[in-house]
S.K.: 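This is the structure, below, for whatever I ask next.
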Number of protein chains: 2
Amino acid sequence: MLDGKGDVVPGVQRSEAAPRVVIVGGGFGGLYAARALGGAALAVTVVDRTNHHVFQPLLYQVATASLSPSQIAYPIRGVLRRQKNTRVHLAEVTAVDVAGQKVLLRDGELPYDYLVLAAGARHSYLGHPEWEPFAPGLKTLDDALDIRGRILVAFERAERESDPERRRALLTFVVVGGGPTGVELAGAIGEIACKVMTSDFRAIDTRETRTILVEVGPRILPTFPEALAEKAERSLEGLCVEVRTGEAVTRMEPGAAWIGGNRIASGTVLWAAGVAPSPLARSLGVPLDRAGRVVVNADLTIPGHPEVFVIGDLAACNDPTGKPLPGLAPVAIQQGEHAARAIVRATRGEARETFRYRDRGTMATVGRAAAVVTFGRLRLSGYPAWLLWCFIHILWLIGFRNRFLVMIEWAWAYLRSERSARLITRETAPSGPSPGPG
Amino acid sequence: MLDGKGDVVPGVQRSEAAPRVVIVGGGFGGLYAARALGGAALAVTVVDRTNHHVFQPLLYQVATASLSPSQIAYPIRGVLRRQKNTRVHLAEVTAVDVAGQKVLLRDGELPYDYLVLAAGARHSYLGHPEWEPFAPGLKTLDDALDIRGRILVAFERAERESDPERRRALLTFVVVGGGPTGVELAGAIGEIACKVMTSDFRAIDTRETRTILVEVGPRILPTFPEALAEKAERSLEGLCVEVRTGEAVTRMEPGAAWIGGNRIASGTVLWAAGVAPSPLARSLGVPLDRAGRVVVNADLTIPGHPEVFVIGDLAACNDPTGKPLPGLAPVAIQQGEHAARAIVRATRGEARETFRYRDRGTMATVGRAAAVVTFGRLRLSGYPAWLLWCFIHILWLIGFRNRFLVMIEWAWAYLRSERSARLITRETAPSGPSPGPG
């Protein structure tokens with residue numbers, strides 16, 4: 001064995017007598033909470049329905065086949081393997097029994113003394129759940145692999161399609177929602193179509209691909225300063241993306257989406273228009289905000305239950321000025337660390353502290369080497385913003401994977417428009433007839 | 001765009017007037033044939049049911065989660081993108097109409113002037129097709145992802161299983177077949193269980209995992225010199241693998257395999273006991289050998305059809321001494337290059353040449369850093385053999401991916417027992433109830 005680490009650490013038990021902390025969700029919030037509890041005399045259990053943590057900010061890169069799953073996802077067991085007081089539970093949580101102090105699983109239950117609920121959000125179809133089969137959203141690694149399969153198979157079908165109209169539809173991609181996810185998705189699709197794959201096909205010219213980004217609001221990236229949103233829009237146009245603001249998707253049907261009154265024949269419609277908190281929020285029996293998030297106390301606990309913490313996208317939390325905190329990784333990370341601290345203090349009988357978010361800015365990328373970043377007063381766009389974006393994202397990865405390797409992999413993927421991830425497996429191919437079982 | 005290459009090469013058409021060459025299969029044989037025809041005045045079409053070439057010798061590494069798919073598979077379009085005379089067709093071939101000179105697809109047909117049939121082999125259940133659902137084989141990337149899901153989920157279930165008997169069954173892996181694939185699979189499972197994952201779990205000690213390698217013959221690696229097979233067997237034992245030679249699997253049922261008269265309760269049985277040529281062989285209407293492979297002429301064509309070449313695992317081809325050639329990558333590669341040369345010569349009205357295989361030796365690895373290699377008179381085992389094995393496999397990758405990057409990735413994966421590939425996605429999780437939808 002060249003890697004001795006595995007040998008010296010036996011799979012020891014943790015003390016079941018210690019106070020039990022259950023953390024629901026292996027996202028940024030849950031994982032940072034778990035890591036902050038590593039040294040404590042607690043019996044920590046992390047429950048997730050998948051066995052991996054996903055680096056969400058780069059999920060769109062997997063969906064567009066620029067990166068492979070293992071470059072942005074990491075087994076939760078791997079992250080926590082050295083924490084002898086921590087257990088990882090691969091299971092689906094169906095509800096929380098706050099009165100009984102236990103988490104209900106699809107196949108069992110987990111009693112707790114302290115609960116950290118970090119179940120996050122799924123995408124929401126804004127009252128049109130029937131649209132989901134036509135327009136998949138992007139929240140999990142499975143979503144990303146499904147979307148990748150749809151995009152790649154669309155090009156494969158177009159290459160073999162003799163009817164010009166059907167071919168045009170196969171080469172038309174509609175992305176619904178002009179937030180960071182929609183902008184990144186549309187930008188990345190435009191990029192592989194107009195830049196990366198131009199010489200891969202013979203019957204089609206991928207540069208004729210039409211990518212339409214639909215945003216109901218007056219402009220894309222509403223949470224960003226206007227000047228930066230404009231820069232992003234120009235970069236998108238440089239990637240042959242049609243940006244259509246002030247327009248809404250009104251109808252969806254197989255093979256087409258209606259934008260306003262116009263029917264757009266499209267083989268691939270992707271949804272990035274909204275998220276909804278996990279339904280677990282409702283099972284807590286406490287007030288939710290209009291979006292369905294749990295309204296938490298200043299210390300991130302829920303009314304009447306100082307042992308229950310809700311963090312991340314699931315929590316409705318305001319900054320001191322009363323402004324709601326955005327659903328971003330840094331917020332979830334800081335809340336996770338706060339919850340962990342609060343639990344340790346509680347076991348010591350110390351008083352609670354108010355959670356304060358330290359804003360470190362927001363970022364988005366638009367395809368390769370084009371990004372917008374706002375850091376308090378500092379505002380960057382284009383290449384420098386993208387470099388900063390990479391640097392900071394790699395910083396966030398500390399402890400998840402070796403930063404140096406990730407840097408090589410990503411740099412490589414960006415510099416050479418990595419093609420090796422463009423694999424269609426039976427698993428990633430969308431259901432329904434495809435050019436072949438491949 | 002930092003990678004300008006994509007821009008300068010438009011997606012041009014090739015001349016449809018030129019003689020049409022259809023290559024069925026994107027494995028080593030088909031791909032090397034296609035690349036050898038790159039410069040020729042021919043209209044080449046490569047058909048495969050998947051969009052990627054798989055580096056088969058490392059498939060077991062994906063199945064055991066040491067490498068990720070994109071490290072050993074590469075889009076066929078990517079390999080051939082600069083060959084303007086070559087088209088890639090994602091489709092399933094159902095039969096060959098030799099008289100009509102066309103390849104029949106599930107959804108169309110491809111006429112040809114020259115055919116290179118390199119459809120390879122699938123695993124064979126030696127007269128027990130009903131065993132397939134219980135014991136998946138390893139031939140494609142999908143197979144590997146399915147097997148990976150089964151192995152990882154087995155450990156996850158064991159971690160949550162309270163009944164000691166069921167837990168023992170979940171931690172028992174049976175690999176059927178002592179050839180290179182079975183040896184590599186068993187070795188890699190033993191390795192992740194006894195070395196890599198030892199500190200990942202709390203309720204189970206993965207070193208109690210039982211891996212049983214069953215070989216009906218008197219020894220493992222029958223095609224290798226006895227001394228090397230013995231070394232391999234010792235390395236396997238060092239990885240807690242039980243090697244049981246001279247024993248056969250007699251029965252399979254859900255959750256158990258019968259070895260001779262003994263029922264072995266096992267959650268995961270894997271099949272590596274035999275391969276069968278693609279059923280396309282039968283559609284040629286020419287004599288097949290006992291194994292079902294096409295008996296080819298000295299120039300690799302079939303009787304009565306000098307325009308049809310059969311290569312790789314699908315061809316029954318003897319060396320000058322009459323000894324049948326093994327089903328190895330180097331054979332397929334040399335045959336593909338020979339078929340390409342023969343086609344070019346035929347278009348020039350030049351005479352056929354006899355195919356001669358230049359033996360460059362055989363290799364197998366048993367887990368990390370243990371390998372056996374035979375090169376004519378040279379025989380190596382252990383670490384030096386493994387280094388040579390890596391080096392030669394990387395040489396084979398020329399043109400497929402940047403060798404330097406692959407070397408970094410593999411070296412990294414080997415040195416640190418790469419964990420990041422240990423992802424269970426809905427796609428990789430086996431069908432049937434699992435601890436969660438993850």
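Chain letters run A, B, ... following the sequence lines, proteins first, then strands; residues in each count from 1.
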S.K.: Examine whether an atom of I76(B) lies under 4.5 Å from a heavy atom of chain A, and if so say whether it belongs to the side chain, the backbone or both; otherwise answer neither.
M.R.: neither

S.K.: List the atom of L105(A), the atom of R160(B), and the distance in Å for their closest heavy-atom pair.
M.R.: CD1-NH2, 4.0 Å

S.K.: Between D200(B) and R81(A), which heavy-atom pair has the shortest distance, and what is it?
M.R.: OD1-NE, 2.7 Å

S.K.: Mind checking what makes salt bridge (Lys or Arg N to Asp or Glu O under 4.0 Å) contact with E109(B), not counting sequence neighbours?
M.R.: K102(B)

S.K.: Which atom names give the shortest non-hydrogen contact between S199(B) and R82(A), and what distance separates them?
M.R.: OG-NH1, 4.0 Å

S.K.: Got K84(A) and R202(B) here, is their nearest side-chain heavy-atom distance under 4.5 Å?
M.R.: yes

S.K.: Does I192(A) have any side chain to side chain contact (heavy atoms under 4.5 Å, CB included) partners at least two apart in sequence or in another chain, and if so, which?
M.R.: I151(A), V196(A), M197(A)

